[in-house]
Amino acid sequence: MKYGELQHGDKVLIHGGAGAVGIFGIQLAKAKGAYVATTASPRNHAFLKSIGADVVIDYHTEHFEDVIQDYDIVLDTQAGETLERSYDVLKAGGRLISIRGPVDQDKAEAKGIKAYFTWTQLNRDDLQEVVNLYGYGVIKAYFEAIFPLSAVRDAHRLSENGHARGKIVLNNKS
């Protein structure tokens, strides 16, 4: 929330919409009144629309930069080539936030945008806002699977495939 400076009416692209970060990102952006596009595989399109995504782009068959342009914010959860192509969909003054790889400040400056590489830096106010939204049912948590602690290897295998919808949870209760 800190770097995005999200405002009502902003256009936001969230990469990896079906991942845990993407799912919360979509819901939080919609709660703030944003127009949200996301990238995902076809098996997740209906789900992502059901939680608020306005546009879902099939990253297998479409290049997101051919579908959208002039966005205010990009939340990058992928890094690599996806991050590199993300600069081109932002309008002047836009914000690029990556949680997976370092950003190119020279490229950002040349495009007239702000770019940040960060990971969890919640403060009390941000955390309270998320808790309130969750408590009021505005956002929900989604889980791909819940494993007993004894099945940690199975949970790790599922995590490694990179295509879990939401969180993978280990439960130490029988």
Side-chain angles (χ1 to χ4, degrees), residues 1-7 10-32 34-41 44 47-48 51-60 63-65 67-68 71-91 93-109 111-131 133-134 138-145 155-156 158-170:
M1 293 185 217
K2 174 181 174 181
Y3 297 113
E5 301 171 14
L6 182 64
Q7 300 294 314
D10 278 351
K11 292 181 357 184
V12 179
L13 169 61
I14 299 173
H15 290 298
V21 172
I23 288 170
F24 273 105
I26 291 167
Q27 294 177 91
L28 288 169
K30 289 307 288 186
K32 292 274 193 173
Y35 181 86
V36 179
T38 189
T39 56
S41 63
N44 292 307
F47 167 72
L48 293 171
I51 65 166
D54 297 292
V55 174
V56 183
I57 302 164
D58 179 355
Y59 66 84
H60 293 292
H63 291 280
F64 61 87
E65 66 272 28
V67 178
I68 63 167
Y71 268 55
D72 299 288
I73 300 170
V74 172
L75 174 59
D76 171 60
T77 64
Q78 305 299 305
E81 180 186 338
T82 300
L83 173 58
E84 286 304 311
R85 293 175 18 230
S86 293
Y87 294 84
D88 295 329
V89 301
L90 287 163
K91 67 182 182 182
R95 285 89 63 207
L96 173 62
I97 302 111
S98 177
I99 62 167
R100 289 288 305 270
V103 296
D104 183 335
Q105 291 297 342
D106 292 333
K107 188 173 186 175
E109 187 176 316
K111 298 250 179 212
I113 63 172
K114 296 178 184 175
Y116 306 94
F117 173 55
T118 187
W119 190 233
T120 307
Q121 293 181 340
L122 285 177
N123 61 42
R124 180 175 162 68
D125 293 338
D126 288 343
L127 188 55
Q128 188 62 55
E129 181 177 359
V130 171
V131 168
L133 290 170
Y134 184 80
V138 174
I139 61 172
K140 297 177 182 170
Y142 292 89
F143 304 97
E144 174 72 18
H156 194 266
L158 179 58
S159 174
E160 284 180 331
N161 84 23
H163 295 286
R165 180 187 294 169
K167 296 301 281 178
I168 299 168
V169 176
L170 289 171

Any donor and acceptor pair, going by atom type alone, linking the side chain of [X] with main-chain N or O of [Y] inside 3.5 Å?
X: S159; Y: A155; value: no
X: T38; Y: H15; value: no
X: K140; Y: Q27; value: no

What pair of heavy atoms forms the shortest contact from [X] to [Y], and how long is it?
X: K11; Y: D72; value: N-OD2, 2.7 Å
X: Y87; Y: I113; value: CD2-CD1, 3.6 Å
X: A31; Y: V138; value: CB-CG1, 3.7 Å
X: F64; Y: I57; value: CB-CD1, 3.9 Å
X: A79; Y: G101; value: CB-N, 3.9 Å
X: V12; Y: A34; value: CG2-CB, 3.9 Å

Indicate yes or no: at least one non-hydrogen side-chain atom of [X] is less than 4.5 angstrom from one of [Y].
X: Q105; Y: E109; result: no
X: L6; Y: R95; result: no
X: N44; Y: V56; result: no
X: Y59; Y: Q78; result: no

Atom [atom1] in [X], atom [atom2] in [Y]: separation rounded to 0.5 Å?
X: I14; Y: I23; atom1: CD1; atom2: CD1; result: 11.0 Å
X: I26; Y: L75; atom1: CD1; atom2: CG; result: 9.5 Å
X: D10; Y: K91; atom1: CG; atom2: NZ; result: 7.0 Å
X: I99; Y: D76; atom1: CD1; atom2: CG; result: 7.5 Å
X: S86; Y: K111; atom1: OG; atom2: NZ; result: 11.5 Å
X: L48; Y: S41; atom1: CG; atom2: OG; result: 8.5 Å

R85: what forms a salt bridge (Lys or Arg N to Asp or Glu O under 4.0 Å) with it, not counting sequence neighbours?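 With sequence neighbours excluded, R85 shows a salt bridge (Lys or Arg N to Asp or Glu O under 4.0 Å) to E65, E81, given in chain and number order.
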
Sort out for me which residue in V103, T82, T118 forms a side chain to side chain contact (heavy atoms under 4.5 Å, CB included) with S98. V103

My understanding is that only one of I51, L28, D54 makes a side chain to side chain contact (heavy atoms under 4.5 Å, CB included) with V36; could you say which?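 Only one option passes, and that is D54.
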
